[in-house]
Visitor: 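Below is a structure I'd like to ask you about.
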Amino acid sequence: MEAVSSVVLIAGRALCLAERVKRRILMVIYRPLFASHGRHFWFDPLGDYSFANIRVGDDVFIGPGAMFIAANTTIEIGNKVMFGPGVTILGGDHNTSVLGRFMYDVKEKRAGDDQPVIIEDDVWVGARAVILKGVRVGRGAIIAAGAVATKNVPPYSVTGGSPARVLKWRWTVDQIIAHEEQIYPVARRLSASELYAERSVE
C-alpha cells in the first residue's frame, strides 16, 4: 500500500511539474504578442487577452484565469503591478440602443462604447476583481477581491464593493509624499495639492 501511495505521489508531482513547464513555454511564446512589455513580465498564458491592444510595463504579474479584453481600444499597465487570479478588464461595451434589432446582431459601436483602461504603477488588484471601460487606476491603489471598478480609482486608495468605492486610504498625504520621495524622481512625484484634490472627489 505504501508503494502504491509513493507511486501516486511521484506521478502527481511529475504532472504538476509538467504543467508548470508547459505554462512557462507558452508564456515565452505568447509574450511577444502583446503590443509592448517590459522586463520581468509574468502572466497566465491560458488567460484571455486582446494581445495587440495591451501595453505592459516592468515587473508585472498577471494571475491565473485573467481576461483582459479591449478589441477596439487599449489597456495600459504600468510598472510593479500585481493582479490576483481571475481578474477581468473590459475596455468595451455593447451598443444596446438600436430599436428593432437583437442586441446580438448590432455590431456598430457608439462613441464611448469602447474606452481605454489605464493601470498606473504600484497597483495591486485582488482576485476576481473587474475593471470596466474608461477606468484609470491611480498609482499605489489597491482594488479588493471581487470589486467592480466602474469609475476612476484614486491614487493610494483601497477600494472595494460593487460598484467599487473608497474604503480607506493607505496613508496620509504627508506619508504619501515621504513615500514618493523614496521611489520616484522629483518630476514624477504627486504634489500635496494633487493628492488632496483626488480625495475631495470621493
Side-chain angles (χ1 to χ4, degrees), residues 19 22-38 41-57 60-78 81-121 123-139 141-155 157-167 201-202:
E19 179 65 22
K22 180 184 88 171
R23 285 176 181 254
R24 181 71 61 89
I25 291 169
L26 288 174
M27 188 172 62
V28 170
I29 292 170
Y30 294 160
R31 193 181 282 141
L33 299 178
F34 287 88
S36 66
H37 66 83
F41 171 37
W42 298 86
F43 65 98
D44 173 20
L46 303 181
D48 194 357
Y49 308 99
S50 296
F51 289 103
N53 296 336
I54 302 173
R55 297 185 181 280
V56 182
V60 172
F61 175 82
I62 300 174
M67 179 183 290
F68 290 11
I69 304 298
N72 298 312
T73 185
T74 59
I75 296 171
E76 305 277 342
I77 300 170
V81 177
M82 303 175 292
F83 296 94
V87 171
T88 297
I89 299 177
L90 298 174
D93 204 350
H94 292 290
N95 181 352
T96 59
S97 66
V98 180
L99 290 167
R101 291 170 67 188
F102 295 109
M103 290 182 287
Y104 179 89
D105 296 329
V106 177
K107 308 303 181 191
E108 304 82 19
K109 293 281 191 172
R110 299 166 295 184
D113 278 341
D114 293 89
Q115 299 175 34
V117 174
I118 299 171
I119 314 291
E120 296 184 356
D121 296 345
V123 167
W124 177 20
V125 182
R128 295 178 303 284
V130 177
I131 302 171
L132 298 181
K133 66 176 185 178
V135 170
R136 175 185 287 268
V137 180
R139 73 168 64 155
I142 297 171
I143 298 178
V148 180
T150 60
K151 61 181 181 178
N152 290 349
V153 176
S157 64
V158 178
T159 62
S162 177
R165 60 182 179 80
V166 174
L167 303 177
V201 171
E202 287 301 311

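In this text, all values refer to a predicted model and were calculated from it rather than measured experimentally. Computed from heavy atoms alone, side chains included, the values below leave out hydrogens, waters and symmetry copies.
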Visitor: Side-chain contact test, heavy atoms from C-beta onward, threshold under 4.5 Å: evaluate it for K133 versus T73 and give yes or no.
Guide: no
Visitor: Would you kindly say whether N152 and R136 are connected by a side-chain donor-acceptor distance under 3.5 Å?
Guide: no
Visitor: Please check if the distance between the ring centroids of Y49 and F51 is under 6.0 Å.
Guide: yes
Visitor: Between R110 and T96, is there a side-chain heavy-atom distance shorter than 4.5 Å?
Guide: yes
Visitor: Does CZ belonging to R31 count more than 12 external heavy atoms closer than 6.0 Å?
Guide: yes
Visitor: State whether the side chain of N53 and the backbone N or O of A71 hold a donor-acceptor pair below 3.5 Å, judged by distance alone.
Guide: yes
Visitor: What are the two closest heavy atoms between P154 and A141, and how far apart are they?
Guide: O-CB, 3.7 Å
Visitor: Specify the closest pair of heavy atoms between D93 and D114, including all atoms of both residues, with the distance to one decimal.
Guide: N-OD2, 4.2 Å
Visitor: Do the rings of F43 and F41 sit parallel, tilted or perpendicular, given the 30° and 60° boundaries?
Guide: parallel
Visitor: Please round to the nearest 0.5 Å and tell me the distance separating atom CG of D48 and atom CD1 of I69.
Guide: 4.0 Å
Visitor: State the NZ-CG distance between K151 and L132, to the nearest 0.5 angstrom.
Guide: 13.0 Å
Visitor: Within this structure, what is the CD1-CD1 distance for the pair I119 and I77, rounded to the nearest 0.5 Å?
Guide: 6.5 Å
Visitor: When rounded to the nearest 0.5 angstrom, what is the spacing between OG1 in T74 and CD1 in I118?
Guide: 7.0 Å
Visitor: Grab the two heavy atoms, one from V117 and one from G134, that are nearest each other, plus how far apart they are.
Guide: CG2-N, 4.1 Å
Visitor: Taking side chain as C-beta onward, heavy atoms only, is I62 less than 4.5 Å from V87?
Guide: no
Visitor: I'd like to check the side-chain contact (heavy atoms from CB on, under 4.5 Å) partners of R24; sequence neighbours left out, ordered by chain and number.
Guide: M27, W42
Visitor: Are any of the side-chain heavy atoms of I89 and F83 separated by less than 4.5 Å?
Guide: yes
Visitor: Once you round to the nearest 0.5 Å, how far does CD1 of I143 lie from OG1 of T159?
Guide: 4.5 Å
Visitor: Check V81 against E120 and note the closest heavy-atom contact, atom names and distance.
Guide: CG2-O, 3.5 Å
Visitor: Using every non-hydrogen atom in the two residues, find where T150 and P163 come nearest and quote the distance to one decimal.
Guide: OG1-CB, 3.6 Å
Visitor: Of the non-hydrogen atoms in D44 and G63, which two are nearest, and what is the gap between them?
Guide: CB-O, 3.6 Å
Visitor: Decide yes or no for V123 and V153: does some side-chain heavy atom of the first lie under 4.5 Å from some side-chain heavy atom of the second?
Guide: no
Visitor: Nearest 0.5 Å please: distance from the OG atom of S97 over to the CD atom of E108.
Guide: 9.5 Å
